[in-house]
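What follows is one structure encoded as structure tokens, with my remarks underneath.
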Amino acid sequence: MQQTLASEITLTGVGLHSGVTTQVRILPAGVDSGRYFVRVDLPNTPIIPAQVPAVTQTVLSTQLGKDEKSVRTVEHLLAALAGMGVDNARIEIDGPEVPLLDGSAKVWVESITQVGLIPQTSTKKSQALFINEPIWVRQDDAFVCAFPAPSTRFTYGLDFELPAIGNQWHSWSPSFEPGKSDANFITEIAPARTFGLLHQIEYLQKSGLIKGGSLENALVCGPDGWLNPPLRFANEPVRHKILDLVGDLSLIGPFPHAHFLAYKASHNLHVQLAQKIWELR
């Protein structure tokens with residue numbers, strides 16, 4: 001069955017790229033309404049659906065927009081909602097970017113756990129959506145694909161020259177029960193924080209990005225190791241990439257039955273795959 005929040009959630013924080021402080025209120029929403037953003041700071045409070053056709057940008061984050069109104073860096077919050085089994089949610093935000101918080105989805109899922117979920121009176125619309133043939137997108141040696149499978153699974157691989165990261169792989173399967181959240185997602189995926197490379201920071205800042213980034217909300221890795229240890233997991237970077245993938249593919253709606261496999265991919269490749277699957281609906 002579809003699920004929504006049992007009560008509202010309110011959190012405030014700084015956006016990673018804009019550096020702007022925004023407040024987010026997540027409220028219960030009706031059956032079949034899906035997950036959607038509302039820019040309450042703008043005239044007529046425009047609604048931006050958290051769906052594949054609304055993607056307007058994928059540079060170091062995923063941005064959604066409609067009629068020139070947008071909201072950026074939606075992936076961690078959407079991953080938290082999808083990973084916890086929240087099908088319908090109204091997300092009110094008073095600025096252009098979702099707060100980064102601690103760089104993971106941990107605070108979001110803790111808030112969802114605190115208010116709880118309630119089952120609704122309709123089944124998930126994409127419950128029977130199966131991937132019958134492999135679907136993939138690639139760029140050089142990076143790729144993301146979906147393989148036919150009896151259930152949903154996410155597997156990700158990374159390969160960096162920096163010794164502290166190196167080659168990492170991780171896999172996660174969601175398991176939802178009515179009225180309950182996914183305990184494995186809460187402990188194994190949601191706490192994984194975003195990460196950056198020390199040699200790229202100056203360039204990104206000069207490009208007008210990561211204005212709100214700090215050692216408090218992102219892991220930073222250099223030639224000699226991590227600048228702000230300890231890590232929450234030995235392979236925290238690749239777990240965070242699964243978090244990003246879950247958030248980006250949540251734009252399809254309920255996850256199809258498929259094994260999603262990614263290697264060295266990006267938000268751009270994630271969304272390209274989501275677009276191909278969206279066309280199968």
Side-chain angles (χ1 to χ4, degrees), residues 16-17 52 55-63 73-76 78-79 83 103-104 131-149 152-174 188-189 192-204 206-207 209-210 213 218-227 231 233-252 255-280:
L16 170 61
H17 295 296
V52 173
V55 177
T56 57
Q57 188 183 109
T58 54
V59 178
L60 295 182
S61 68
T62 299
Q63 177 176 294
T73 317
V74 300
E75 57 271 15
H76 301 167
L78 292 181
S104 74
I131 302 300
N132 296 315
E133 296 182 356
I135 304 170
W136 66 89
V137 292
R138 61 176 290 269
Q139 182 177 3
D140 300 324
D141 64 338
F143 65 84
V144 59
C145 51
F147 292 106
T152 304
R153 174 173 287 274
F154 299 87
T155 300
Y156 219 110
L158 287 182
D159 195 358
F160 283 82
E161 292 183 0
L162 292 172
I165 301 178
N167 184 269
Q168 301 181 3
W169 286 89
H170 196 73
S171 190
W172 169 73
S173 294
E188 302 300 320
I189 302 300
R193 294 163 291 176
T194 192
F195 66 98
L197 308 182
L198 181 61
H199 69 275
Q200 295 179 346
I201 288 178
E202 183 178 357
Y203 169 77
L204 293 174
K206 287 182 177 179
S207 301
L209 299 169
I210 64 171
L219 293 168
V220 178
C221 189
D224 299 322
W226 295 100
L227 272 65
L231 272 63
F233 310 95
N235 63 347
E236 189 168 354
V238 75
R239 291 180 191 236
H240 183 80
K241 293 297 289 184
I242 289 182
L243 182 70
D244 282 344
L245 180 61
V246 169
D248 289 338
L249 293 184
S250 76
L251 299 171
I252 299 166
F255 298 121
H257 293 285
H259 187 169
F260 299 101
L261 174 64
Y263 176 68
K264 297 172 65 173
S266 61
H267 289 294
N268 184 266
L269 289 181
H270 297 170
V271 170
Q272 285 187 52
L273 180 68
Q275 289 169 336
K276 289 194 172 190
I277 296 172
W278 180 265
E279 294 170 359
L280 300 176

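Model, not experiment: these values are computed from the prediction.
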If every non-hydrogen atom of [X] is compared with every non-hydrogen atom of [Y], which pair is closest and at what distance?
{"X": "A258", "Y": "I131", "answer": "CB-CG1, 3.4 Å"}
{"X": "Q168", "Y": "A234", "answer": "NE2-O, 4.0 Å"}
{"X": "N235", "Y": "H170", "answer": "ND2-ND1, 3.3 Å"}
{"X": "I165", "Y": "C221", "answer": "CG1-SG, 3.9 Å"}
{"X": "G225", "Y": "A164", "answer": "CA-CB, 3.9 Å"}
{"X": "L231", "Y": "P237", "answer": "CD2-CD, 4.2 Å"}

- [ ] Let me know which of Y156, F154, F260 forms a ring pair (Phe, Tyr, Trp, His ring centres under 6.0 Å) with H270.
- [x] Y156
Open item on the list: For T155 and H259, which I'm curious about, is there any donor-acceptor pair between the side chains at under 3.5 Å?
Closed with: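 Side chains of T155 and H259: pair found under 3.5 Å.
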TODO: May I have the step-by-step check of side-chain contact (heavy atoms from CB on, under 4.5 Å) for L249 and F255, ending in yes or no?
DONE: CA-CA 7 Å; L249 293 184; F255 298 121; 4.1 Å; yes
So [Y] and [X], do their side chains get closer than 4.5 Å, heavy atoms only?
{"X": "Q63", "Y": "V74", "result": "no"}
{"X": "L219", "Y": "E236", "result": "yes"}
{"X": "P148", "Y": "P134", "result": "yes"}
{"X": "T152", "Y": "P174", "result": "yes"}
{"X": "H240", "Y": "H76", "result": "yes"}
{"X": "L261", "Y": "F147", "result": "yes"}
{"X": "N167", "Y": "L158", "result": "no"}
{"X": "W278", "Y": "L251", "result": "no"}

Would a distance-only check, ignoring hydrogens and angles, find a side-chain to backbone donor-acceptor pair under 3.5 Å from [X] to [Y]?
{"X": "R138", "Y": "D140", "result": "yes"}
{"X": "T62", "Y": "T58", "result": "no"}
{"X": "Q275", "Y": "V52", "result": "no"}

Could you grab the distance from atom [atom1] of [X] to atom [atom2] of [Y], nearest 0.5 Å is fine?
{"X": "Q200", "Y": "L209", "atom1": "CD", "atom2": "CG", "value": "11.0 Å"}
{"X": "S61", "Y": "I210", "atom1": "OG", "atom2": "CD1", "value": "12.0 Å"}
{"X": "L243", "Y": "L78", "atom1": "CG", "atom2": "CG", "value": "10.5 Å"}
{"X": "I189", "Y": "L245", "atom1": "CD1", "atom2": "CG", "value": "10.5 Å"}
{"X": "I242", "Y": "E188", "atom1": "CD1", "atom2": "CD", "value": "10.5 Å"}

Task: Worked verdict on L204 versus L60 for side-chain contact (heavy atoms from CB on, under 4.5 Å) - done: CA-CA 10 Å; L204 293 174; L60 295 182; 3.5 Å; yes
Open item on the list: Parallel, tilted or perpendicular, judged at 30° and 60°: which one describes the rings of W169 and Y263?
Closed with: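 The rings of W169 and Y263 lie parallel, inter-plane angle below 30°.
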Open item on the list: Between F160 and L197, is the side-chain contact (heavy atoms from CB on, under 4.5 Å) condition met? List the steps.
Closed with: CA-CA 10 Å; F160 283 82; L197 308 182; 3.8 Å; yes
Task: Neighbour count above 12 (heavy atom, 6.0 Å) for W136 CH2 - done: no
TODO: Carefully, step by step, assess K264 and D159 under the rule salt bridge (Lys or Arg N to Asp or Glu O under 4.0 Å).
DONE: CA-CA 7 Å; K264 297 172 65 173; D159 195 358; 5.5 Å; no
